[in-house]
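Below: the structure, in structure tokens.
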Number of protein chains: 2
Amino acid sequence: MRILIADDDPQILRALSITLGAHGYDVVTARDGREAIGAAASEHPDLIVLDLGMPELTGIEVIEAVRGWSTLPILVVSGRHDSGDKVDALDAGADDYVTKPFAVDELLARVRALTRRAAPTLDSPTARLGAVTIDLAAHLVLRRTSDTEEVVRLTPTEWRMLEVFAKNPNRLVTRELLLTEVWGPQYTTDTGYLRLYVSQLRKKLEPDAARPRYLLTEAGMGYRFSPDE
Amino acid sequence: MRILIADDDPQILRALSITLGAHGYDVVTARDGREAIGAAASEHPDLIVLDLGMPELTGIEVIEAVRGWSTLPILVVSGRHDSGDKVDALDAGADDYVTKPFAVDELLARVRALTRRAAPTLDSPTARLGAVTIDLAAHLVLRRTSDTEEVVRLTPTEWRMLEVFAKNPNRLVTRELLLTEVWGPQYTTDTGYLRLYVSQLRKKLEPDAARPRYLLTEAGMGYRFSPDE
DNA sequence: GCCCGGCGTGAGGAATGCGTGAGGATCGGC
DNA sequence: GCCGATCCTCACGCATTCCTCACGCCGGGC
């Protein structure tokens, strides 16, 4: 998830970059309006945090320029509290408007709300595993075989488990996390369930269940889910 | 464009209704949390303006209940300025959060921004299922038999159910979504209704009701509607 | 090479969920 | 108040899912 931060105040720019970066976002920055438009086009961000009071171009002009070719979410940050300014920015195409000074956790929550809302508009967030495609939102798993695409059916327990993996790609997923998320916090020692259901997931998702490529065992600790790219 | 306003203060409720009504919106109101959830399900609003401090249910509970089956935009209006409250509401699924007192023109601009963002909800006019054609807009289902086309008669409940399926092709349609859309949010555990009406829909739509091809069961979760292409 | 703990997988029974017929309750039109 | 259509309740047989148990495999320590 990549965020473009556009602000002419280097101090705010730095603070926001560090905060958003610490929360797992990939951060790109711009110092004036022209740079912001360029970065919005070339860096393919998933969201823009835009300061209104920048040199070169007004914030409204930046919004209108970006809206000329893109629908990506724009969160405006501004020192101006006047409701007229807010109306202008929102009607120009901004999705949200936060006034300075703002609480960082509120800004983060608004970023989450915007990315959540905008996500289905772009592409449904799918994970690819070779011939298998996972669409979490649609609860759909497809498997390409030679020339046809067939639906892979998962049981409720298999789904809950796959969801935990899909939300933690490329990271170690501990046995404890899996057990509490799928079976409940009182089952944290029943590792036999994990062996059973991981085995079934592999049969349905892996090209060769005996030699797993995407759902890997980390002996003694848990599992790691590594989708393509 | 229909808006549901949920607030326990009759004065605010009245003022908002008049303001939004004057700007061309169709307004529906609710005075407490339970009423809000019911109206969200039965009135099919395009947006909810939700006061957090209502009796019966907390605002967060209302948000979570609605998010259980719907993605319609929720704009929270609240007297609480604390950033923790904002984070909780946004993370529960709200799209925006405005603190009282607010400028009416700002609220209107935020309503426009949210409806603009949520707008791309185009539903497909027709679906094909082998010999059966479903025309949602015309409220018509046709079945080709050898040489003639006959109209398939559906009861109101069957039709409401088919609409939910037709609007979510190839996706898992949860039991909860079906029950709230067809019977109301207080019936979310009556899965017996689903079994009965799915059975009747299959008799009318499937070539062989005993071996369904288009209306598939996902045991423990819901159903999946897969029309041809 | 042998033991041993952790892991993978098959089989089968228990528990849960699903499909469907029949019949009674309810509602609206006349 | 009658009648048909629709909706709901109930019951039973079948299908799916979940869990238990058993056994075989693999790699590390000795």
Side-chain angles (χ1 to χ4, degrees), chain A residues 139 141 151-165 172-176 178-184 186-225, chain B residues 42 139 141 151-165 172-184 186-225:
Chain A
H139 257 241
V141 175
V151 177
V152 177
R153 306 190 42 158
L154 299 183
T155 70
T157 306
E158 288 164 3
W159 258 115
R160 285 200 296 276
M161 196 168 200
L162 179 59
E163 276 177 338
V164 178
F165 282 126
L172 171 69
V173 180
T174 63
R175 298 190 288 215
E176 190 185 2
L178 279 168
L179 286 163
T180 56
E181 290 289 312
V182 178
W183 281 272
Q186 62 271 41
Y187 290 82
T188 46
T189 53
D190 279 294
T191 58
Y193 294 167
L194 295 183
R195 298 209 298 275
L196 180 58
Y197 279 90
V198 165
S199 168
Q200 294 185 179
L201 268 185
R202 281 175 176 154
K203 267 186 267 183
K204 297 187 178 184
L205 303 180
E206 293 276 359
D208 178 4
R211 273 185 300 279
R213 212 173 120 188
Y214 301 104
L215 201 43
L216 310 170
T217 305
E218 301 273 338
M221 298 187 290
Y223 295 89
R224 187 185 306 274
F225 177 66
Chain B
S42 62
H139 234 250
V141 176
V151 176
V152 177
R153 290 178 54 92
L154 297 182
T155 71
T157 305
E158 288 165 2
W159 188 261
R160 283 202 298 276
M161 195 169 202
L162 180 59
E163 275 181 332
V164 178
F165 282 125
L172 173 70
V173 180
T174 63
R175 299 188 289 212
E176 189 185 9
L177 174 66
L178 280 168
L179 286 164
T180 55
E181 288 290 309
V182 178
W183 282 272
Q186 62 272 42
Y187 291 82
T188 47
T189 54
D190 280 296
T191 59
Y193 295 166
L194 296 182
R195 299 210 297 274
L196 181 59
Y197 279 89
V198 164
S199 171
Q200 294 184 180
L201 268 185
R202 280 175 178 154
K203 271 186 251 179
K204 297 186 178 184
L205 303 179
E206 293 276 358
D208 178 4
R211 275 187 302 279
R213 210 174 122 189
Y214 301 104
L215 201 43
L216 309 171
T217 305
E218 301 271 336
M221 299 186 289
Y223 295 88
R224 189 185 307 277
F225 178 67

- prompt: When we call it a touch if two heavy atoms are under 4.0 Å apart, what does G192(B) touch: a base, just sugar-phosphate, or nothing?
  reply: nothing
field: Residue A219(B), side-chain atoms from C-beta onward, closest of dT16(D), dG8(C), dG19(C)
entry: dT16(D)
query: If you look at every strand shown and take non-hydrogen atoms under 4.0 Å, does Y223(B) touch a base, only sugar-phosphate, or nothing?
result: sugar-phosphate
message: I need the minimum non-hydrogen distance between Y223(A) and R195(A), along with the two atoms involved.
response: OH-CA, 4.1 Å
field: Whether Y187(B) and Y193(B) hold their rings parallel, tilted or perpendicular, with breakpoints at 30° and 60°
entry: tilted
- prompt: Between the side chains of W159(B) and E163(B), is a donor N or O closer than 3.5 angstrom to an acceptor N or O?
  reply: yes
- prompt: Under 4.0 Å between a side-chain N or O of T155(B) and OP1 or OP2 of dC7(D)?
  reply: yes
message: What's L194(A) touching, base or sugar-phosphate or nothing? Going by heavy atoms closer than 4.0 Å.
response: nothing
query: Checking all strands, does W159(B) fall into the base, sugar-phosphate, or nothing category for heavy-atom contacts under 4.0 angstrom?
result: nothing
- line: K203(B) has its side chain closest, among dT6(D), dG21(C), dG8(C), to dG21(C)
Five-pair end axes of the helix from dG1(C)-dC30(D) to dC30(C)-dG1(D) and the angle they enclose, rounded to 10°: 30°
message: Nearest heavy atom decides the nucleotide; on that basis, is L196(A) or Y187(B) closer to the 5' end of DNA chain D?
response: Y187(B)
query: Which part of the nucleic acid, if any, lies within contact of T157(A), taking any heavy atom under 4.0 Å across all strands shown: a base, the sugar-phosphate backbone alone, or nothing?
result: sugar-phosphate
- prompt: Within a strict 4.5 Å, meaning less than it, do heavy atoms of the R202(B) and T217(B) side chains meet?
  reply: yes
query: At under 4.0 Å, does any side-chain N or O of T217(A) touch on OP1 or OP2 of dG6(C)?
result: no
- prompt: Between dC7(D) and W183(B), is there an OP1 or OP2 to side-chain N/O distance shorter than 4.0 Å?
  reply: no
query: Would a 4.5 Å heavy-atom cut-off, applied to side chains only, mark M161(A) and L178(A) as touching?
result: yes
query: Where is the tightest heavy-atom contact between E181(B) and V164(B), given as atom of each residue plus distance?
result: CB-CG2, 3.6 Å
query: So, is R175(B) close to the dG17(C) phosphate, meaning a side-chain N or O under 4.0 Å from OP1 or OP2?
result: no
query: So which one's nearest nucleotide on DNA chain D is more toward 5', Y193(A) or Y197(B)?
result: Y197(B)
- request: Assign R211(A) to base, sugar-phosphate, or nothing according to its heavy-atom contacts below 4.0 angstrom with the strands shown.
  value: nothing
task: Round to the nearest Å and state the distance from E158(B) atom CD to dT20(C) atom P.
output: 14 Å
task: Check whether any side-chain heavy atom of F165(A) sits under 4.5 Å from a side-chain heavy atom of L215(A), and report yes or no.
output: yes
- prompt: Do the side-chain N or O atoms of R195(A) get closer than 4.0 angstrom to the phosphate oxygens (OP1, OP2) of dT9(C)?
  reply: no
- request: Please state how far atom CG in D190(A) lies from atom P in dC18(D), giving the value in whole angstrom units.
  value: 15 Å
